[in-house]
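Taking it in order: structure first as C-alpha cells, then the write-up.
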Amino acid sequence: MSQSTNPEVSRRAFLRLGAAAGAGLLTGCAGPTGSPAPGSMVLALNRSLVSLDNKLNQFEAAVTVQRGVRQALTRIGPELTPQPVLAERFELTSPTEWTVRLRPAARYSDGSPVTARDVATALEMYRKVNGSFIASFFPEWPEVIEQDQLTFRLRTGKPLPILDYLMANILITPSGANQAAELQSGIGSGPYAVMSADRGTGVYTLRANPAYWGPKPRVDTVHVRFIQEESSRVVALRSGEIDVIDTISPDSAEQLRNLPDVALTSSVGTRINQLFFNFRKPAGHPLADARVRRALTFAVDGRTLAEDVLQGTVIPAEGVVSHILAGAVKTGRYAYDPDMAGRLLTEAGVRPGDLDLKIIWESGEFPSDALLMEGVQEMLRRIGVRCTLQQFEPGGDISKWRQGRAGDWDILGNGFSVPTGLAFSALQGMYGGTAEREKTRDTYHGYVQPQVVKLLESAAEEVDARARASVVAQAQQAVWDTWPCLWAFIPRSLLAHRKRVSGLSLEPTNSYDLASLRLDG
C-alpha cells in the first residue's frame with residue numbers, strides 16, 4: 001500500500017514544536033578552543049565515548065576510535081566481507097573447526113606479542129560480561145584450542161560457518177589485563193596508543209603507536225571530543241577548531257554543503273533505526289497483542305517523517321533489517337492509513353482513549369530525534385492514543401530502562417547496528433532472545449519468540465550457503481509477522497570534515513579507518 005503526505009503535519013509545524021519543546025531537552029557542551037596543533041586532528045562525536053572497549057558500548061562512531069586502539073582477528077571491510085587483521089590465516093578446516101594463525105609481527109603498543117592465550121581470554125571475557133552487545137551475535141561461543149603461541153583452533157559443538165564474520169568484533173587485549181567489563185584503560189595492537197583518557201567527559205588523546213606492526217599512521221595525534229549539541233559541533237567545524245563531525249542532521253548538512261573548506265560524505269549503512277515495542281508487557285496488556293501493534297503502525301505517516309522531518313536522508317524499512325545486509329529480504333511495508341488503524345484497534349477491543357503510551361529515547365540516537373518523536377506523538381493522538389515523551393541524555397541510565405530495570409515504557413526510539421554485515425547476525429542480535437536469556441535481561445527489549453529462535457538455530461548450523469539464505473529469509477518474515485516496531489527506517493549516514501583531512505572513506509558500518517587519514521594542511 002502506498003503512503004500519502006498529510007499536509008497538517010508539515011515540517012514547519014515540526015520545527016515550531018521542536019523550538020518550543022526542544023529548548024529544555026538538550027544541554028550544550030562547549031567544544032575545544034583554537035585550531036588543531038600541527039600534525040594533529042580533532043574528532044567531535046555526538047555521543048560520549050565511555051570506553052575504548054566494545055563489550056557493552058559500540059555505537060558506530062565509537063568503532064572508528066576503538067579499532068584505532070584495539071584490533072580483532074578480522075574486520076568487516078567496505079564490501080561487508082571479512083578481511084584479515086591480526087590473523088594471517090583464518091580457515092574453516094572442518095564443519096565445526098576453524099584454524100587460525102596470528103601474524104608473527106603483531107605487537108601491542110608496549111612491544112609484547114599478541115598470543116593465542118589473549119584470544120582465548122578475550123572470548124571468555126566477552127562471554128561473561130553481563131549485557132554484552134557483542135555476545136548477542138554469537139549463537140555459540142567457540143572453544144580455543146592452543147597449538148602454540150601463534151596457532152590455535154576455534155571449535156564449536158555445531159557448525160558455525162560465519163565465525164570469521166563474528167570474530168571481527170572481538171577486540172584483543174593482553175590476557176592479564178582483560179576482564180569481564182568494559183575496559184577503561186590498557187593497551188592494544190592498533191595503530192594508535194592512548195595518551196590520556198577521561199571517560200566522564202568523553203575526551204581522549206591518541207598518539208601514533210611506535211610499535212605498530214602495520215603501516216605507520218599518517219596523522220601523529222588524534223584528539224577525540226564529545227560535543228552533544230549539534231549546533232556547537234557545526235560551529236566548531238566551520239571555525240576550524242574541529243576536523244570531523246559525525247551523524248549530522250539534514251539541516252546541518254545544508255548549512256555546510258557549499259562551504260569551500262568543508263566536505264560531506266554519506267553512506268547507506270547496516271544500521272536500522274526503530275520505534276520498537278516493549279515486549280515485556282504482561283499478558284492482557286494491549287501491546288502484548290500483535291493485532292494492536294500492527295494496528296498502531298497504520299497511524300504513522302512514514303513518508304512525511306522521512307521526507308519532511310528527515311529530509312530524504314533515510315529509507316523507510318521494507319523489512320526487519322537493513323536492505324544492504326547479505327541475506328536481507330523484503331517482508332512488507334509500513335503503510336499510512338489512520339482509518340485502518342482505528343478499525344483494527346476496535347477489532348482488538350481497544351477504544352479511543354484506552355491507550356496512554358510512553359515513548360523513550362536517548363538524545364543522539366539518530367538525527368532530528370526529538371522532532372521525529374513529537375511528530376509520532378501527534379500522529380498517534382489523531383487516532384485517540386495519548387503519548388508522553390521522555391528523552392535521556394547520553395551517558396544516562398537508559399540502558400537500565402531498556403532492560404526493564406528502571407521503569408516502564410511502551411515504545412523505544414532505538415538504533416541497531418550490525419557490525420558483521422550479515423542479515424543473520426542482525427536477526428540473532430535483535431530477535432534471538434530466549435526465556436533463559438530474559439532472566440538476566442539479555443534479550444532485545446524482551447523479544448522472545450520461540451518460532452523465530454528455532455529458525456535462527458537452524459540457519460546458524462547450515463553449512464550450505466543457499467539453504468542457509470532460505471532459512472534466514474523465513475526467519476525475517478516470521479519476525480515481521482510479530483510486528484515488533486511501530487515504524488523503522490534505514491539511515492543514510494552523514495559525516496562532515498574539513499578538506500585538510502583526506503583519505504576518509506565512510507563505510508557502511510558508519511565508521512572509517514583512522515590510520516588511513518592524512519592531513520594536507
Side-chain angles (χ1 to χ4, degrees), residues 3-26 249-251 273-279 281 285-287 292-311 313-314 316-317 334-342 344-345 348 350-393 396 398 401-402 407-415 445 483-489 491:
Q3 297 174 310
S4 60
T5 302
N6 190 327
E8 296 180 37
V9 190
S10 65
R11 178 159 178 78
R12 181 175 299 174
F14 276 107
L15 290 172
R16 284 201 301 269
L17 284 170
L25 291 175
L26 297 175
S249 68
D251 286 337
N273 287 335
Q274 309 153 316
L275 302 181
F276 204 90
F277 289 113
N278 187 349
F279 274 77
K281 297 297 183 181
H285 190 283
L287 290 187
V292 174
R293 297 195 296 269
R294 175 175 179 253
L296 291 173
T297 67
F298 286 97
V300 176
D301 186 351
R303 181 176 176 181
T304 289
L305 295 176
E307 295 183 2
D308 292 353
V309 178
L310 301 173
Q311 298 185 57
T313 62
V314 307
Y334 291 97
Y336 176 54
D337 189 340
D339 292 335
M340 175 68 79
L344 293 177
L345 287 175
V350 178
R351 299 167 300 178
D354 281 355
L355 286 179
D356 193 345
L357 305 180
K358 184 171 188 174
I359 302 177
I360 68 171
W361 76 98
E362 183 178 79
S363 177
E365 190 68 45
F366 43 82
S368 305
D369 45 19
L371 207 57
L372 186 144
M373 296 305 188
E374 290 158 1
V376 170
Q377 179 185 42
E378 172 62 17
M379 292 168 183
L380 289 173
R381 183 194 65 78
R382 292 173 183 170
I383 64 166
V385 175
R386 297 184 302 276
C387 293
T388 57
L389 306 181
Q390 183 169 350
Q391 184 174 8
F392 291 79
E393 296 301 326
I398 193 170
W401 285 72
R402 293 174 190 263
D408 192 25
W409 53 273
D410 299 291
I411 297 168
L412 170 69
N414 191 59
H445 317 313
W483 296 96
C485 301
L486 178 67
W487 188 55
F489 57 93

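- Applying the side-chain hydrogen bond (donor to acceptor under 3.5 Å, both in side chains) rule to Asn278 yields no partners; only residues at least two apart in sequence or on another chain are considered.
- What you find for Asn414 and Phe366 is that their closest heavy atoms are N-CE2, 4.3 Å.
- In this structure, the side chain to side chain contact (heavy atoms under 4.5 Å, CB included) partners of Pro338, at least two apart in sequence or on a different chain, are Tyr336, Ile383.
- Every residue was checked against the ring pair (Phe, Tyr, Trp, His ring centres under 6.0 Å) condition with Phe277, not counting sequence neighbours, and none meets it.
- Judged as a side-chain hydrogen bond (donor to acceptor under 3.5 Å, both in side chains), and not counting sequence neighbours, Arg293 has no contacts.
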Dump the intermediate steps for side-chain contact (heavy atoms from CB on, under 4.5 Å) on Lys281 and Asp410, then the final yes or no.
CA-CA 8 Å; Lys281 297 297 183 181; Asp410 299 291; 2.8 Å; yes
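- Rounding to the nearest 0.5 angstrom, the gap separating the CG atom in Asp301 from the CZ atom in Arg382 is 8.5 Å.
- With sequence neighbours left out, Asp339 forms a salt bridge (Lys or Arg N to Asp or Glu O under 4.0 Å) with no residue at all.
- Taking 4.5 Å as the limit, every side-chain heavy atom of Val376 sits out of range of all side-chain heavy atoms of Leu389.
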Walk me through whether His445 and Trp409 qualify under side-chain contact (heavy atoms from CB on, under 4.5 Å).
CA-CA 10 Å; His445 317 313; Trp409 53 273; 3.9 Å; yes
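- Under the rule for a side chain to side chain contact (heavy atoms under 4.5 Å, CB included), the partners of Ser249 that lie at least two apart in sequence or sit in another chain are Glu230, Asp251, Ser252, Pro367, Ser368.
- With sequence neighbours excluded, no residue forms a side-chain hydrogen bond (donor to acceptor under 3.5 Å, both in side chains) with Gln377.
- With rounding to the nearest 0.5 angstrom, the SG atom of Cys485 is 12.5 Å from the CG atom of Leu296.
- Here the rule is side chain to side chain contact (heavy atoms under 4.5 Å, CB included) with Pro286, and of Leu357, Val350, Asp354 only Val350 fits it.
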Determine, step by step, whether Phe489 and Leu305 satisfy the side-chain contact (heavy atoms from CB on, under 4.5 Å) criterion, reporting the C-alpha distance in whole Å, the side-chain angles of both residues, the deciding distance to 0.1 Å, and the verdict.
CA-CA 10 Å; Phe489 57 93; Leu305 295 176; over 6 Å; no
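- Gln390 contributes no side-chain N or O that, together with a main-chain N or O of Ile360, makes up a donor-acceptor pair within less than 3.5 Å.
- Judged purely by atom type and a 3.5 angstrom limit, Arg386 uses its side chain to pair as donor or acceptor with the backbone of Gly353.
- Here the CG-CG distance, from Leu412 to Leu486, works out to 12.0 Å after rounding to the nearest 0.5 Å.
- Between the CH2 atom in Trp361 and the CH2 atom in Trp401 there is a gap of 12.5 Å [rounded to 0.5 Å].
- When atom types are taken as modelled, the side chain of Trp487 and the backbone of Val300 share no donor-acceptor pair closer than 3.5 angstrom.
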